[in-house]
Amino acid sequence: MLRHPVECATPGLVWSEQRMATTPHTHDTTAVEIQTRRHSAAHVMAEAVLELFPGARLGIGPAIEDGFYYDFDLPRTLTPDDLIAIEARMVEIIARNAPFSRRTLGREEALSHFRGQSQSFKVELIEALTSDVVMGARDTLAGSSDAAALAGSEVSLFRQGGFEDLCAGPHVARTGDVGVIKLLRVAGAYWRGDEHRPQLQRIYGTAWPTQSELDAYLWRQEEARKRDHRRLGIDLGLFLFSDQIGAGLPIWGEDGALLRSVVEDFWKVEHRAAGYQYVYSPAIGLTDLWNTSGHLSFYRENMYAPIVMDEQQFMLKPMNCPFHLQVFNRRTRSYRELPIRYNELGTVYRYEPAGTLHGLLRTRGFTQDDSHIFCRPDQLDAEVNGVLDLGLKLWKTFGFHDYHIELAVRDPANTSKYLGDDERWVQAEAVLERALKSHNLEYVRAEGEAVFYGPKIDLKLVDALGRRWQCTTIQVDFNLPERFDLSYIGEDGAHHRPFMVHRALLGSLERFIGVLIENYGGAFPTWLAPTQAIVLPVADRHNGYAESVERALTDRGVRASSDVRSERVNAKIRDAQLRKIPYMLVVGDREAEAGTASLRLRSGDNLGAIALADVVTRITDEIDAKA
RNA sequence: GCCGAUGUAGCUCAGGGGUAGAGCAGCUGUUUCGUAAACAGCAGGCCGUGGGUUCGAAUCCCACCAUCGGCUCCA
């Protein structure tokens, strides 16, 4: 049993509170208890590391979802053996069952205390912490401080055994209450997340009340690994990467390409129905184009080097916007034709640092489901609303019903990073905010997250395991129309500047399909499955009937095949199961005689013999319903 | 890009200074079978790439590339 946590009322370290706040279900008592346990485990780990590496400097050590970490500055890099040794020492410390105790120190006292121990990161934390508390600015490290107010502030410290740490708490009562721990991995992490500051060694671990809960967690991790789209991509033959092509450049294999084309076809039909006009644009454009668009000033580090031909410089496109602007601009536009909505599955190339590549979720070449909408000021609200309507329809059809939404706005402290005047930024933010509210979508404001040409809505899809995936982005762009001098002739006969909405609803086909794979664990709903039905003849003499069954399905547009190998049905079923094919139609003497098929579902359910026509209807109905 | 780990057959992995091993997949043959793996045989690798050490390197050292776990960044 977990005893009552040590009480703590002092305003504490910003970081631990932030972590707690970002963890779901914090109001749940058991969640608070487990967070307390894990945070205490981090202290135990720090004690163990200090016992083994007396000179170690400590960074921060919060509880995180499913575990905890602590950052250390150590004289040498840790090896897997070190991890074992640290874990063993932690088990000892937990067995010592030392009580956690709290005391407070004045700011100056605390500073000299940690200076005396050469714990410079702790010193920095106190300096930041006390000013934050006084100034009420939780996220600001720097900032002017009121000396008088600071002098009176206090910080809390927690001790267990021979180890004392700056900490807001709360903690468990004794080290024995930490529970069952396991260290998972070591990773480099920049101090305060800043790549210009020292890199520390971060040890990740997890802690649970009992061994069986730890085992259950490790089992869940294993299950999650089985859903990894990179694993499934290989197993199901969906896509591949090749050393001969280059990192971050996926190739779609047979079934992956089929899946992708199903997604694309559906996307195109829905966009046409929503009043979009499809356009095509080239992969490269003259350097001057990217100058005009502002990409060379604001996006160059993500762009590939110029291609020189005939004394002209071209650059590979990292975005599709400038091309769509050209389509709009090719002739004078009337206010009567607005809104104009161009869409394109546009393949872009962006340089991404090698260490950030991750299967289909982070690549160097990807195809955005892109669109640019040009409209009058009085149409802007309706257009953004229309984008959300279409988005919701798509996401729901693909099986995503929960979203995590951010309204990304400028960093007010650094407006020089952005193009365009204040008034338009304020206007753009207001339009996005109104659209979210009118759809009753909850969102959080994210300052400093806007792109250089406008504020945006970033929408993350929440998958079957509760994980969030950044896919959608909806941006109001007041800047590119200006740069390319877009205009339309208004009712008054004068030129007016159109507004522009830039949006990708699935994000990129690569990432979206990666997310689809993980969400469904490779077992796609029938309308998406590359092979929707497979006919399994019991013996070779049933191959003829099997092929007629297959034809009955393919004639109705079902993606079906037959497994006519000289294998036993058991083997054919096993292979079909592993390929996660939704429908298996077993046919033998009885079925051939009666004109039926014995229907087995991917779930393992055996529905028995069903008249062929009914099987076909059942499958086509399900495909049509996109269920 | 930064920190760490890893790289052996299509896949999963063993081996480890003296000219490469298993299972599955593949191919061939036999089997004709009723809801998650029939049997036998064959074939398959410049041990990520390039240097170095050595009589000899897949094995040791260095560099690079890629992948994995994180950090930072993002569709």
Side-chain angles (χ1 to χ4, degrees), chain A residues 69 71 74 77-80 82-83 184-204 225 228 230-231 234-235 237 240-248 299 301-302 318-320 346 348 350-370 449 451 456 458-460 469-473 475 503-512 514-515 536-543 565-578 584-591 598-602 604-609:
Chain A
Y69 69 79
D71 289 343
L74 297 168
T77 56
L78 293 169
T79 66
D82 290 325
L83 224 54
L184 300 172
R185 63 183 73 95
V186 197
Y190 299 110
W191 170 237
R192 305 231 48 135
D194 184 343
E195 62 181 318
H196 303 296
R197 310 209 58 187
Q199 193 161 34
L200 309 177
Q201 297 188 66
R202 174 171 299 176
I203 305 176
Y204 284 93
R225 259 196 294 283
D228 190 315
R230 294 166 298 181
R231 173 84 254 134
I234 294 170
D235 291 346
L240 61 130
F241 290 89
S242 162
D243 283 355
Q244 295 186 66
I245 291 170
Y299 208 70
E301 61 188 27
N302 286 292
M319 294 187 194
N320 302 299
V348 297
R350 298 182 185 174
Y351 172 76
E352 303 287 351
T356 67
L357 301 176
H358 185 91
L360 290 183
L361 299 181
R362 190 77 185 277
T363 64
R364 284 176 172 164
F366 57 95
T367 302
Q368 292 184 305
D369 70 311
D370 213 353
E449 297 297 314
V451 267
K456 60 176 177 172
D458 273 339
L459 185 143
K460 293 182 171 122
W469 306 96
Q470 164 79 65
C471 294
T472 306
T473 184
Q475 309 170 349
R503 40 113 293 192
L505 294 177
L506 309 183
S508 77
L509 288 161
E510 286 76 7
R511 178 174 290 181
F512 185 73
V515 173
L536 309 178
V538 172
D540 288 351
R541 67 175 178 281
H542 307 122
N543 286 354
R565 294 174 301 165
S566 295
E567 282 288 351
R568 299 170 60 198
V569 209
N570 286 309
K572 295 180 182 182
I573 286 173
R574 181 183 146 85
D575 289 345
Q577 288 284 160
L578 291 175
M584 283 156 260
L585 287 71
V586 178
V587 295
D589 291 329
R590 298 196 292 272
E591 289 78 8
S598 186
L599 198 57
R600 180 190 162 106
L601 307 181
R602 184 169 50 188
D605 291 343
N606 182 359
L607 275 50

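Both backbone and side-chain heavy atoms feed into the values below; hydrogens, waters and symmetry mates do not. Chain identifiers are assigned alphabetically (A, B, ...) following the order of the sequence lines, protein sequences preceding nucleic acid strands; residue numbering begins at 1 within each chain.
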Enquirer: Applying salt bridge (Lys or Arg N to Asp or Glu O under 4.0 Å), name anything that partners Glu591(A), two or more places apart in sequence or on another chain.
Expert: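 Glu591(A) satisfies salt bridge (Lys or Arg N to Asp or Glu O under 4.0 Å) with no other residue.
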Enquirer: Name all residues meeting the ring-ring contact (aromatic ring centres under 6.0 Å, His included) criterion together with Tyr204(A); count only those two or more places apart in sequence or in a different chain, and write none if there are none.
Expert: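 Per chain and number, Tyr204(A) pairs via ring-ring contact (aromatic ring centres under 6.0 Å, His included) with Tyr69(A).
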Enquirer: Would you say the base of rC71(B) and the side-chain of Glu195(A) have a donor-acceptor pair closer than 3.5 Å?
Expert: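 Such a pair does not exist between side chain and base.
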Enquirer: What pairs with Trp191(A) under ring-ring contact (aromatic ring centres under 6.0 Å, His included), at least two apart in sequence or on another chain?
Expert: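 For Trp191(A) the ring-ring contact (aromatic ring centres under 6.0 Å, His included) partners, ignoring immediate neighbours, are Phe121(A).
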Enquirer: For Arg590(A), which contact category applies under a 4.0 Å heavy-atom criterion: base, sugar-phosphate, or nothing?
Expert: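 Counting heavy atoms under 4.0 Å across all strands, the contact made by Arg590(A) includes a base.
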Enquirer: Does any N or O donor sit under 3.5 Å from an N or O acceptor when you compare the side chain of Arg511(A) with the base of rC74(B)?
Expert: yes
Enquirer: Generate the contact string for nucleotides 35-43 of chain B. Rules: B means base contact, S means sugar-phosphate contact only, - means no protein heavy atom under 4.0 Å.
Expert: BBBB-----
Enquirer: Using a cut-off of 4.0 Å on non-hydrogen atoms, how would the nucleic acid contact of Gln199(A) be classed: base, sugar-phosphate, or nothing?
Expert: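 Since a base atom lies under 4.0 Å of Gln199(A), the category is base.
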Enquirer: Produce a footprint string for nucleotides 63-69 of chain B: one letter per nucleotide, 5' end first; B if the base is under 4.0 Å from any protein heavy atom, S if only the sugar-phosphate is, - if neither.
Expert: ---SSSB
Enquirer: Looking across every strand, which nucleic acid part, if any, lies under 4.0 Å from Asn302(A) by heavy atom: base, sugar-phosphate, or nothing?
Expert: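 Since no nucleic acid heavy atom lies under 4.0 Å of Asn302(A), the category is nothing.
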Enquirer: Would you please enumerate the stems RNA chain B participates in, each stem being three or more consecutive Watson-Crick or G-U wobble pairs with both distances under 3.5 Å?
Expert: B:1-7 with B:65-71, B:10-13 with B:21-24, B:26-30 with B:38-42, B:48-52 with B:60-64
Enquirer: Does the base of rG1(B) carry an N or O that pairs as donor and acceptor with the side chain of Tyr351(A) under 3.5 Å?
Expert: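 Per atom types, no contact qualifies.
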